[in-house]
Amino acid sequence: MVDKITEFQGEYRFLSNFWQESFSLAGMIFPTAEHAYQALKSNKGSDWQTILRCGTPGQAKRAGRRVTMRDDWNEVKLEIMKDIVRSKFYSNQPLRKRLLATGDAILEEGNKWNDRYWGVCRGVGKNHLGNILMEVREELRDE
């Protein structure tokens, strides 16, 4: 068992929001957690449809830069990400088992694209996604 997972690649790619696994949230089926996050930035149905039509999480991320941003986005984005991560792992038994199999390892979304909010780049970052994953893992463990 590892003490720390420092990037969501290889055998730990399933921890990434780009992992190709659909799930339901807010009455919609999202192809990936990235699609859900980008769609939920907006309250406009047309923006949601644009995001849902994207074939890859990378396309969804790029399309998310052009949505009409919710006025309260900065206040709600962490809670929305928690809802997304919960839905992803609660609804999928194999993914749930894989998350639980990470044991007590620190989950760190290490990256090279300078995302220091959701992850860690060159040793610096808030690692909000990793922290949410560890929180959801603990919730699943307590069930």
Side-chain angles (χ1 to χ4, degrees), residues 1-26 28-44 47-143:
M1 183 75 58
V2 297
D3 292 330
K4 187 175 188 179
I5 295 165
T6 59
E7 63 179 356
F8 302 160
Q9 299 295 329
E11 70 177 297
Y12 301 113
R13 182 70 174 162
F14 73 96
L15 297 168
S16 168
N17 284 343
F18 277 47
W19 181 254
Q20 298 277 342
E21 193 75 46
S22 64
F23 63 95
S24 174
L25 177 68
M28 303 282 291
I29 302 293
F30 293 98
T32 68
E34 189 66 27
H35 282 80
Y37 180 76
Q38 297 303 328
L40 292 167
K41 285 180 172 180
S42 176
N43 287 323
K44 290 179 64 176
D47 284 337
W48 282 42
Q49 292 307 315
T50 297
I51 300 294
L52 288 172
R53 282 194 300 270
C54 292
T56 68
Q59 290 170 345
K61 184 174 185 174
R62 286 187 293 281
R65 294 183 185 123
R66 297 184 301 275
V67 301
T68 303
M69 195 75 71
R70 302 166 51 138
D71 291 337
D72 64 348
W73 182 243
N74 286 326
E75 291 78 37
V76 300
K77 66 184 173 184
L78 275 173
E79 205 55 46
I80 285 174
M81 184 63 82
K82 286 179 190 177
D83 290 343
I84 290 168
V85 171
R86 279 186 189 110
S87 294
K88 174 181 171 180
F89 287 97
Y90 273 76
S91 66
N92 186 302
Q93 190 66 24
L95 283 183
R96 177 190 301 218
K97 286 181 180 179
R98 290 179 77 181
L99 178 58
L100 288 169
T102 63
D104 291 324
I106 295 168
L107 305 178
E108 184 176 277
E109 206 262 328
N111 65 79
K112 294 177 179 74
W113 50 89
N114 294 313
D115 182 347
R116 292 185 168 106
Y117 183 82
W118 293 111
V120 175
C121 182
R122 292 186 274 290
V124 179
K126 295 182 179 182
N127 195 38
H128 285 300
L129 180 57
N131 291 328
I132 289 169
L133 284 160
M134 290 183 286
E135 182 179 325
V136 169
R137 179 179 63 193
E138 193 61 34
E139 290 172 9
L140 289 168
R141 197 180 282 151
D142 291 342
E143 271 194 349

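Here the side chain of Arg141 pairs a donor or acceptor atom with the backbone of Gly103 at under 3.5 angstrom. In this structure a side-chain-to-backbone donor-acceptor pair under 3.5 Å is present from Arg66 to Arg62. Under the 3.5 Å distance criterion, the side-chain polar atoms of Thr32 are left unmatched by any main-chain donor or acceptor of Phe18. Asn127 contributes a side-chain N or O that, together with a main-chain N or O of Glu109, makes up a donor-acceptor pair within less than 3.5 Å.
A salt bridge is absent between Glu139 and Lys82: the closest approach of a Lys/Arg side-chain nitrogen to an acidic carboxylate oxygen does not fall below 4.0 angstrom. Ion pairing of Asp47 with Arg70 is absent here, as no side-chain N (NZ or NE/NH1/NH2) approaches a carboxylate O to less than 4.0 Å. A salt bridge links Lys4 with Glu108: at least one charged nitrogen is closer than 4.0 Å to a carboxylate oxygen.
Using cut-offs of 30° and 60° on the angle between ring planes, the pair His128 and Trp118 is perpendicular. Phe23 and Phe30 have tilted rings, their planes meeting at an angle from 30° to 60° on a 0 to 90° scale.
Contact record, Leu107 with Leu15: CD2-CD1, 4.2 Å, taken as the closest heavy-atom pair. The shortest heavy-atom contact between Gln20 and Pro57 is NE2-CD, 2.9 Å. Annotation for Glu34 and Gln38: closest pair OE2-NE2, 2.7 Å, computed over non-hydrogen atoms.
Checked by atom type, the side-chain pair Asn114/Arg122 shows a donor-acceptor distance below 3.5 Å.
Counting non-hydrogen atoms of neighbouring residues, nucleotides and ligands closer than 6.0 angstrom, the CG atom of Asn74 exceeds 12 such neighbours. For CG of Asp3, the number of neighbouring non-hydrogen atoms (other residues, nucleotides, ligands) closer than 6.0 Å is 12 at most.
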